[in-house]
Asks: 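Structure provided below as C-alpha cells; questions to follow.
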Amino acid sequence: MISDARVLQQSSDAAESAAAPSRLSRYARPMLGVLLPLTLALGWELVVWLGWSNGRLVPPPSRIFTTITDLARSGELVRHITATLWRVSLGFAFGVVAGTLLGAISGYWSLARRLLDPTVQALRAIPSLAWVPLFILWLGIFETSKIALIAVGVFFPVYLGVMGAILSVDRKIVEVGRTFRLSGFAMIRRILLPAVLPAYVVSLRVGLGLGWMFVVAAELIGASEGLGYLLLDGQQLGKPAQILAAIVIFAILGKLTDWLIELAAAPFLRWQDAFGQAKGA
C-alpha cells in the first residue's frame, strides 16, 4: 500500500514537472515574436542616443511613443482608431460574404466558374487606387465609398481561397461521399467544408491584411479622421514621428485582428494533424 502511494506520488511529481516546461514554452513562444522588433527598436534608439544619427527623418522609438501618448491624452488617438476599425470591420464583413458566396459557387459549379472567373481575375489586376475616383463618382466621398473600397480589397483573396480550396478537394473523398449517397447539403457539411476550412482561414487572414492596406487608400478619400488621415496629416505638416506612430498602430491592430481570426478558427481545426502542430510551431 505504501509502495503504491509512493509510485502515485512520483508519477504526479513527474507530471507536474513535465507540465511546467510546457506551460513555460506556451508563454515563451509568443514572446519570441516581439524579440526582433524590440531588438531593432532598441538598436535604433541607441544609434540616436550615441549621436550617430539625428533621428529627424526616422525618429527613435522614444519620440514615437511620446507622440502616441500625446495623441492618446488629447483623445485624438481613440477617435482615429475607432473610425479606422469601423471601416475595416464593415469592409471586411461585406468582402468576406461576397467572396465566400461567389468563390463557393465558382468552385462547386463549373459553368459558373467559366462565366465568373475570367472577369474576377481581370478585375483583380486593377490597382487599389484606380478604384478611388470611380467610387467617388458613384458613391460620393463619405463612408460608403471607403467601405466599398475596403470590401473590394478583401473580396479577391477570399474568393480565390474558397474557389481554389474547393477545386483542390481530393476526388476520392468526394467519391466516398457519393458511394454513401450523401445529399448535396450533407456532402458540403461533412466532406467539402472540413476540407476547405484550413485554406479558408488562410484566405480570411490574407483578406484582412489587404483590408488594412486598402483602408489607407480609402481614408485618402476626403477623410477627416482615421489612421490614414493621421498619415496624410503627418506628411503634409512634416511630422515623421506622427507618420511612424500611425504605422506602428496599424501594425499592432493588424496583428491583433489576425490573431483573433486564428483564435476563432482554432476550435474548428483541432482535427488537423499538421506538420507545424507536431513540431509545436
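In what follows, every heavy atom counts, from backbone to side chain, and hydrogens, waters and symmetry copies are set aside. No experiment lies behind these values; they were computed from the predicted model shown.
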Asks: Checking side-chain contact (heavy atoms from CB on, under 4.5 Å) for the pair L36/L40: CA distance, chi angles, key distance, verdict?
Replies: CA-CA 6 Å; L36 178 60; L40 294 174; 4.2 Å; yes
Asks: Quick one: which of V154, L260, V96, I261 gives a side chain to side chain contact (heavy atoms under 4.5 Å, CB included) with L208?
Replies: I261
Asks: For A245 and I68, work out which heavy atoms get closest and say how close.
Replies: CB-CG1, 3.6 Å
Asks: Any chance the side chains of T257 and W212 put a donor and an acceptor closer than 3.5 Å?
Replies: yes
Asks: Nearest 0.5 Å please: distance from the CG atom of L204 over to the CG atom of L197.
Replies: 9.0 Å
Asks: Only counting residues at least two apart or in another chain, list the ones meeting side chain to side chain contact (heavy atoms under 4.5 Å, CB included) with V97.
Replies: L101
Asks: Honestly curious: do F65 and L227 fall in one hydrophobic cluster under the side-chain, below-4.5 Å linking rule?
Replies: no
Asks: Does Y108 belong to the same Ile/Leu/Val/Met/Phe/Trp/Tyr cluster as I105, with side-chain heavy atoms less than 4.5 Å apart forming each link?
Replies: no
Asks: Is there a side-chain contact between L46 and L42 (heavy atoms, below 4.5 Å)?
Replies: no
Asks: Does any non-hydrogen side-chain atom of E45 lie less than 4.5 Å from one of S62?
Replies: yes
Asks: Is it true that E219 and K146 make a salt bridge, defined as a side-chain N closer than 4.0 Å to a carboxylate O?
Replies: no
Asks: Do L231 and Q235 have side chains that approach each other closer than 4.5 Å (heavy atoms only, starting at C-beta)?
Replies: no
Asks: Measure from the side-chain N and O atoms of T144 to the backbone N and O of G140, and report whether any donor-acceptor pair falls under 3.5 Å.
Replies: no
Asks: Under 3.5 Å, is there a donor-acceptor pair between the Y200 and T100 side chains?
Replies: yes
Asks: Could you state the interatomic distance from CH2 (W131) to CZ (F214), rounded to the nearest 0.5 Å?
Replies: 9.5 Å
Asks: At their closest point, which heavy atom of G234 faces which heavy atom of Q242, and how far apart are they?
Replies: N-NE2, 3.3 Å
Asks: To the nearest 0.5 Å, what is the distance between OG1 (T84) and CG (L230)?
Replies: 8.0 Å
Asks: Of the non-hydrogen atoms in L116 and S106, which two are nearest, and what is the gap between them?
Replies: CD1-OG, 3.7 Å
Asks: If you group Ile, Leu, Val, Met, Phe, Trp and Tyr by side-chain heavy-atom gaps below 4.5 Å, do L85 and L90 land in one group?
Replies: no
Asks: Flag yes if I247 and V48 sit in one hydrophobic cluster, no otherwise; membership is Ile, Leu, Val, Met, Phe, Trp, Tyr, and two members link when side-chain heavy atoms are under 4.5 Å apart.
Replies: yes
Asks: Mind listing the closest non-hydrogen atom pair of A130 and I126 along with its distance?
Replies: CB-CG2, 3.6 Å
Asks: Out of curiosity, S203 OG to Y159 OH, how far, rounded to the nearest 0.5 Å?
Replies: 13.0 Å
Asks: Grouping I, L, V, M, F, W and Y whenever their side-chain heavy atoms are under 4.5 Å apart, do I147 and F92 come out in a common cluster?
Replies: no
Asks: Output yes when a side-chain donor or acceptor of E225 lies under 3.5 Å from a complementary backbone atom of R79, and no otherwise.
Replies: no
Asks: Kindly determine whether L115 and W109 satisfy side-chain contact (heavy atoms from CB on, under 4.5 Å), including the steps that lead there.
Replies: CA-CA 10 Å; L115 288 173; W109 190 17; over 6 Å; no
Asks: Nearest heavy-atom pair of P60 and W44: which atoms, and what distance?
Replies: CA-CD1, 3.7 Å
Asks: Taking it one step at a time, do I249 and L77 satisfy side-chain contact (heavy atoms from CB on, under 4.5 Å)?
Replies: CA-CA 10 Å; I249 296 169; L77 187 62; 3.2 Å; yes
Asks: Does any non-hydrogen side-chain atom of R124 lie less than 4.5 Å from one of L160?
Replies: yes
Asks: At what distance, to the nearest 0.5 angstrom, does CE of M163 lie from CG of L167?
Replies: 6.0 Å
Asks: Would you call the rings of H80 and Y229 parallel, tilted or perpendicular, taking 30° and 60° as the class edges?
Replies: tilted
Asks: For a quick test of reading the model, state the closest non-hydrogen atom pair linking P157 to G207 and the distance between them.
Replies: CG-CA, 3.5 Å
Asks: May I have the step-by-step check of side-chain contact (heavy atoms from CB on, under 4.5 Å) for V215 and F250, ending in yes or no?
Replies: CA-CA 10 Å; V215 76; F250 265 124; 3.7 Å; yes
Asks: For E76, which residues count as a salt bridge (Lys or Arg N to Asp or Glu O under 4.0 Å) partner, sequence neighbours excluded?
Replies: none
Asks: Give me the ring orientation class for F135 and W138: parallel if the planes are under 30° apart, tilted from 30 to 60°, perpendicular past 60°.
Replies: tilted
Asks: So, taking the atom named OG in S145 and the one named CD1 in I150, what distance separates them when rounded to the nearest 0.5 Å?
Replies: 9.5 Å
